Each structure stands twice: as C-alpha cells, then as structure tokens.
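Everything on this sheet refers to the single structure shown next.
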Amino acid sequence: MTKIEDRIGRRFEKLRISLLNTCNFSCVYCVSDDLGDIPAPSIGKSAKEQPLTPDEFAKIISEVHSLTKLKSIRLTGGEPLLYRDLYTLVGNIRNLGITDIRLTTNAYYLKEKAVKLYEAGVKSVNISVDAIDLELFKKIARHPDPSRVFAGIEAAIDAGMKVKLNAVIMRGENESQIIPLLDYATKLGVKIRFLELMKMGHLYQSKNGHFFPEEEMLKEIQKKYEIEKLPREHAETANYWRTSGGGIFGIIANESTPFCHDCNRLRMDSNGIFYGCLSNAHGEKLSPFLHDKELLTEKLKGLLLLKQPVRFHGSKLSMRNIGG
Ligand code: SAM
Ligand code: SF4
C-alpha cells in the first residue's frame, strides 16, 4: 500500500474532531447572526442533529489510525464539553492506543469536569478567552456570564492539565486586552496564543475590517515588554516569544505567517465528514470506505492533496463545523 504523503512530505499526524457543531456561546467571529454560515451537509443549532456515538467515532478513528498512525487527537467543536458521552469517547480513543488526547474548549463547564477528564486521559487543554474585561468578553462571546471561564481555567490547572489560552484579537474590539490577557496567563504560569482573525464561515470573502495582524500584536506587547523569539517546532501553528516579564506567548498568524508548508492536521466534523485543509470546504464522508483499506488510502491521499501549498485563504465553513 502506498504511503499517505504529499510531494513536500506532509502527512496526517494529528486529527481534530468537531464532536458537535452546537455551542453555548455565539462568538462574533464564529457564529453569524442568522446562522447562514453553514452549508450542507453540516447542520447547525436549529437542526435536530444526532451527534455520532462514541462507538461510531471510535470505529472511524480506528480505521484512519491504522493507515495514518496518528500521534494525537484533539476534541473540539462547537463546544466539546456539551458532548454527553465525552468520558466514554476519551476511553474509547485510549483503547485504540492513542494516548495523546487533547481538548479545545470555551471552559464554561470545565470547573466541574476537569478532574474527571484528566482521569479519563485528557492531559492537555486549550481554552478560549478573548478578554479579561467581563463586559467586553460578554459582547464577544454573546453570552450573559462568561466569568465561569476563569474558574474553568483554574480548575484545569489544579487538575494537572497542561493549559494554553487562545485569544482571537479583533481591531476595534479587544486589542486593548492583549496585555491584560498576557499578564493573566503569565501570573498563572501558562502560555497564551493570540490568533489573527481567520476568514471562516460568515467572514469568508468579507472585507475583514477587524483583522489585527501579528505585527501590530507584537508592537502592542512591546509597549510594555522586551521580547525574544523562540525557535519554532515542526508543524507548530504558533510562533512563540518570551517576554521580559517572564511570560511566554504565541501568535497564530494564518494570514501574516502561514504555516501550511508542514501542516500535519486532518479534521473530522460531527457528521463524520473529513477535511484535509482548513482552507478548503471540500469534505469526504469516509464511513462507506472503512472496510476497504485500498479505497480508504486513496480517499485520504485525495484529502491530503487539498492542502494549500503555501497560503491560507479561509473557507465558507465556520470553525465550529470544521473543528477549530
Ligand atoms: N468552543 C471551543 C472554543 O471556543 O475553544 C472549541 C471550538 S472553537 C471553533 C476553536 C477555536 O477556533 C477557538 O479558539 C476560537 O477562538 C477559534 N476561532 C473560531 N472562529 C475563528 C475565526 N474566524 N478566526 C480565528 N479563530 C477562530
Ligand atoms: Fe462556541 Fe468556540 Fe465558536 Fe465561540 S469559538 S461560538 S465558544 S465554538
């Protein structure tokens, strides 16, 4: 059987799964006002979606893993903590021999779940927090009380998880929060990554007036700190810097500093549809091919060929569908 590798040596090593495309937050950059951002076959909040069961997920993951030898799995969404059988699913994935299981969450329900998740096998969590200022956080998340997120962050640290924070920075909205967020992360002893706004879902083909580039983020941080760039690891989405204040921050700059050249990520949405590239809305349902390794290999190779050569362009799929 031929190797699933493209001509510049890219392979699928990390799988991100959107467990469900619904969420208790409606972040302005992720959810459009009319939910008009969701093309078929994925379905949204208003639709009666039945997420896949842990056994269905495990069956698909198992076959893909047998061909790609996945190094890690990230459970995301939508909001993965809303997935009812999360602990069972984590157990099923561990039973496949995949021990590096990570989570990306808004942390609203993490306070009560962190210890059990850690015991189930989730040792690493990325938590989205776009502002320290609560009024601003409410406005961005479009949720009346996102303060529970901070309790979730602390619970994850106390449970022993490796925690990273993610903040999407938007011009005219929350650039004032870069330093407070960095100082908060530094005080907790965790890394924070600032994300450039990506043209996904309803932002696709928009003018993107809120785009705030890496260069300006660095200037903002240098108003308070001296910074030193750290070496980039293979297939890492962020570039990292150390500050004179003792903190470490990263910037995920899809637009300014694309990282397509060594991208090793494969994505599956909550309907079992796979995507080879965040910047390509073409998806493949792999479940009909699970019994045939030759065909499955060909399908995975086809998805790998969808990866952009150098640049990220965005996609009409929203992040909560494709799994951010
Ligand atoms: N609900 C979880 C959360 O918010 O962490 C997991 C899913 S969310 C889609 C995953 C990540 O995608 C979050 O860090 C979020 O900020 C990011 N995201 C969503 N839409 C984005 C966009 N248009 N540009 C940049 N980041 C985006
Ligand atoms: Fe929900 Fe995450 Fe999207 Fe915000 S970014 S609406 S928390 S899925």
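For ligands, and for the atoms within them, numbers begin at 1 and follow the listed sequence. Because the structure is predicted, anything quoted here is derived from the model rather than measured. Count residues from 1 along the sequence.
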Does ligand 1 have a heavy atom under 4.0 Å from the side chain of D130, from its backbone, from both, or from neither?
neither

Among all protein heavy atoms, pick out the one at the shortest distance from atom 1 (Fe) of ligand 2; state its residue, atom name and that distance to 0.1 Å.
C23 SG, 2.3 Å

Sub-4.0 Å atoms of ligand 1 with respect to non-hydrogen atoms of N106:
2 (C), 3 (C), 5 (O)

Which atoms from ligand 1 have a heavy atom of N166 less than 4.0 Å away?
14 (O)

If you measure from the Lys or Arg side-chain nitrogens to the Asp or Glu carboxylate oxygens, is any gap between E255 and K199 under 4.0 Å?
no

If you compare all heavy atoms of S279 against all heavy atoms of F312, which two are closest, and at what distance to 0.1 Å?
OG-C, 3.8 Å

Counting from 1, what ligand 1 atoms have a heavy atom of T76 closer than 4.0 Å?
6 (C), 7 (C)

Would you call K116 and E119 a salt bridge, taking side-chain N to carboxylate O under 4.0 Å as the test?
no

So the atoms of ligand 1 within less than 4.0 Å of a heavy atom of T104 turn out to be 2 (C), 5 (O), 6 (C), 10 (C)

Polar-atom distance check: R320 versus ligand 1, any N or O pair below 3.5 Å?
no

Among R232, K307, R10, salt bridge (Lys or Arg N to Asp or Glu O under 4.0 Å) partner for D262:
R232

Among L181, I192, L182, which one satisfies side chain to side chain contact (heavy atoms under 4.5 Å, CB included) with L165?
I192

Look only at interatomic distance and state if P80 has a nitrogen or oxygen under 3.5 Å from any nitrogen or oxygen of ligand 1.
no

What protein heavy atom sits nearest atom 4 (O) of ligand 1, and how far away is it?
S128 OG, 3.2 Å

Identify whether the distance between the nearest side-chain nitrogen and carboxylate oxygen of E298 and K301 falls below 4.0 Å.
yes

Which heavy atom of G247 sits nearest a heavy atom of T186, and at what distance?
CA-OG1, 3.4 Å

Examine ligand 1 and decide if any of its atoms is less than 4.0 Å from a heavy atom belonging to G323.
no

Is the distance between the ring centroids of H210 and Y29 under 6.0 Å?
no

Using a strict 4.0 Å cut-off to heavy atoms of N106, name the atoms of ligand 2 that fall inside it.
7 (S)

From the options Y204, F211, F25, Y29, select the one whose nearest heavy atom is closest to atom 18 (N) of ligand 1.
Y29

At a 4.0 Å threshold, what atoms of ligand 2 neighbour a non-hydrogen atom of R320?
8 (S)

May I ask you to test the I221-W241 pair for a side-chain heavy-atom distance under 4.5 Å?
no

Which of the numbered atoms in ligand 1 are below 4.0 angstrom from a heavy atom of L195?
26 (N)

Salt bridge present between K59 and E63 (N-O < 4.0 angstrom):
yes

Report the nearest protein non-hydrogen atom to atom 8 (S) of ligand 1: residue, atom name, distance rounded to 0.1 Å.
G77 O, 4.4 Å

Considering only the protein, which heavy-atom contact is closest to atom 25 (C) of ligand 1, and what is its distance?
M198 N, 3.6 Å

Distance check below 2.8 Å: does C30 bring an N, O or S atom to atom 1 (Fe) of ligand 2?
no

Any sub-3.5 Å donor-acceptor pair from K113's side-chain atoms to L81's backbone N or O?
yes

Centroid-centroid distance, F194 to F212, less than 6.0 Å
no

Between D100 and R102 (salt bridge meaning N to carboxylate O under 4.0 Å), is one present in this structure?
yes

Taking a cutoff of less than 4.0 Å between a non-hydrogen atom of the residue and any ligand atom, is G77 in contact with ligand 2?
no

Return yes when at least one N/O/S atom of C27 is nearer than 2.8 Å to atom 4 (Fe) of ligand 2, and no when none is.
yes

Which atoms of ligand 2 are found less than 4.0 Å from any heavy atom of V31?
6 (S)

In terms of its nearest heavy atom to atom 9 (C) of ligand 1, the top option of R193, M319, M200, E196 is M319

What is the nearest protein non-hydrogen atom to atom 1 (N) of ligand 1, stated with its residue, atom name and distance?
G78 O, 3.0 Å

